[in-house]
Amino acid sequence: MRCLLIAAFCLVANAAQAQTVPAQPPDPRFVAAQKIFEALPDAERRAIQLDLTFATTFSGAASGTFGALTFAALQRFERENGLEADAILTPPERKQLAAKADEARKAVKFDVLGDARSGVRIGVPLALLPRANPTPQGGSRWQSADGKATLDTLTYGATTESLQQLYDRAIAPAPGRTITYKLSRPELFVVTGETPNGKFYRRVALGADGALRGFALGYDKAIAPQYDRLAVAVANTFEPFPATAVASASAAPRAAVAAPLPAAPPAPPTERLLTGVAVAPDQLLTSASAVRACRGLVAVGTRRLPGRITATDAAAGLALVTIENLAATPASAGTAVAGALTGLSAIWSGRTPALMFTELEAGEGARVSGALQVGGAGAGVFNAEGTLVGVVTDDPAARRMVAGVVPLAHYAYAGPQAISAFLAAHKIPAVPTAPLAGPAIAARRASVVPLVCGG
């Protein structure tokens, strides 16, 4: 019941659980629908889920992952429209879903805007929140004519409180206020709650450069049935750090707080980012699929160094890259894949490569689950002792942020045995395990190198 009341507020923590396959034995109808859904392009899967948000009562994350919520929402849409409830959309049914969703969007004038003041992208129901004004804190505010609903974009300067301090303040006890949901991660927090007359939702995200951006939504309980559904759409369209920068407020007319942006920012046309893990002096291990189409490789650190692919093994999913004069510390290999795992991967910070830690969990077969960002192909998988136990061989580049958060997904990886066999075949000696200075995982920053692939 709580998730029904705070639909969008449960998106971040419950997306993975809510989008899981029903209990065994699996429903054959679910399996059939999942197979057809997952054969669609990623962008189309997300578009269907966004359309379900407007056309029916789908309250999950538009992650492109097929699960129980998507299955139920598709069936509900089909039943409501006199169709066979098999959760499989024929081309005419897909058009019908899109038309119904577009009708609902137009009814509230829902548009994804680039907020020039805060720099975020966010969906706004302009018919319901027509009053747009700047806020003293540097963001923008959209408000209903009667003041009963408000959507604010948030931005914090580098000298303000940290993400943790903002979270602690957001959950601090206050008279007449109840916290109904809270989530804190190193890169974001979400806090939702109720007052005697209203509901509120706050999300703040941390960028790779230390910037903090977010949004806050509040509305009267009397209008909750309408806004609970819209909150899901707002959350699913929120991007705190879009790849395409929003035009500065000073460059736009004063009356234009926000302006529509393209549906998806274009990717860099001639290069992409991936990750390499040092396994020997001047030798990096990475994903074979990620380097397959590279015309040139460059390691990016204190200086840019050219590299070359010296060996690949498609079956293992691994490639060896040689970069002379590389200042990276080779990682020692381990065998214990159980327990806490951490992925260390390259990410884009604007146009600058950086490194990011991501919590990972070992799954069935040679797969790990986590929230890897663009640049995660070739990411090193480290155990709690800081030894290398895997290299991610899938490429998460096609995935995008959902409601401001990279969704959890499953990725193939080459485990300890595959790595050992690959290195032995190419006469790369194993690095002996040695005590690490400081926190084990953090010490592995010196072993991981962002790589830029020229297309």
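Note that the numbering runs from 1 along the sequence shown for the chain. FYI, side chains are in, hydrogens and waters are out, and symmetry mates aren't considered; it's all heavy atoms of this structure.
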Just list the side-chain donor-acceptor pairs under 3.5 Å for residues 316-326, sequence neighbours left out, or say none.
residue: Thr322; atom: OG1; partner: Gln283; partner atom: OE1; Å: 3.1
residue: Thr322; atom: OG1; partner: Gln283; partner atom: NE2; Å: 3.3
residue: Thr322; atom: OG1; partner: Thr310; partner atom: OG1; Å: 3.2

[X]: side-chain hydrogen bond (donor to acceptor under 3.5 Å, both in side chains) partners, not counting sequence neighbours:
{"X": "Ser289", "value": "Ser287"}
{"X": "Arg308", "value": "none"}
{"X": "Asp313", "value": "none"}
{"X": "Asp394", "value": "none"}

- Result of checking Val124, Thr135, Asp115 against Thr153 for side chain to side chain contact (heavy atoms under 4.5 Å, CB included):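 That would be Asp115; it is the only one of Val124, Thr135, Asp115 passing the side chain to side chain contact (heavy atoms under 4.5 Å, CB included) with Thr153.
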Can you tell me how far the [atom1] atom of [X] sits from the [atom2] atom of [Y], to the nearest 0.5 Å?
{"X": "Leu372", "Y": "Ile347", "atom1": "CG", "atom2": "CD1", "result": "11.0 Å"}
{"X": "Phe66", "Y": "Leu74", "atom1": "CZ", "atom2": "CG", "result": "6.0 Å"}
{"X": "Ser162", "Y": "Tyr167", "atom1": "OG", "atom2": "OH", "result": "13.0 Å"}
{"X": "Gln137", "Y": "Asp152", "atom1": "CD", "atom2": "CG", "result": "8.0 Å"}

Using the salt bridge (Lys or Arg N to Asp or Glu O under 4.0 Å) criterion, which residues pair with [X]? Sequence neighbours excluded.
{"X": "Arg292", "value": "none"}
{"X": "Asp102", "value": "Arg105"}
{"X": "Glu359", "value": "none"}

- Task: Flag the pair Asp27 and Arg29 as a salt bridge only when some basic side-chain nitrogen lies within less than 4.0 angstrom of an acidic carboxylate oxygen.
- Result: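 Arg29 and Asp27: salt-bridged.
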- What about the rings of Phe110 and Phe54, do their centers lie closer together than 6.0 Å?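 Between Phe110 and Phe54, the centre distance is under 6.0 Å.
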- Message: So that I know where these two stand, are Phe58 and Phe77 an aromatic pair - ring centroids less than 6.0 Å apart?
- Response: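 For Phe58 and Phe77, the ring centres are not under 6.0 Å apart.
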Holding to side-chain contact (heavy atoms from CB on, under 4.5 Å), I want the full list of residues that pass it with [X], two or more places apart in sequence or in another chain.
{"X": "Gln417", "result": "none"}
{"X": "Leu206", "result": "Leu163, Leu212"}
{"X": "Ala314", "result": "none"}
{"X": "Ala43", "result": "none"}

- Positive for side-chain hydrogen bond (donor to acceptor under 3.5 Å, both in side chains) with Thr70, one of Gln34, Arg45, Gln49: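 The side-chain hydrogen bond (donor to acceptor under 3.5 Å, both in side chains) with Thr70 is passed solely by Gln49 among Gln34, Arg45, Gln49.
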- Item | Working for ring pair (Phe, Tyr, Trp, His ring centres under 6.0 Å), residues Phe37 and Phe71 | CA-CA 10 Å; Phe37 185 86; Phe71 182 63; over 10 Å; no
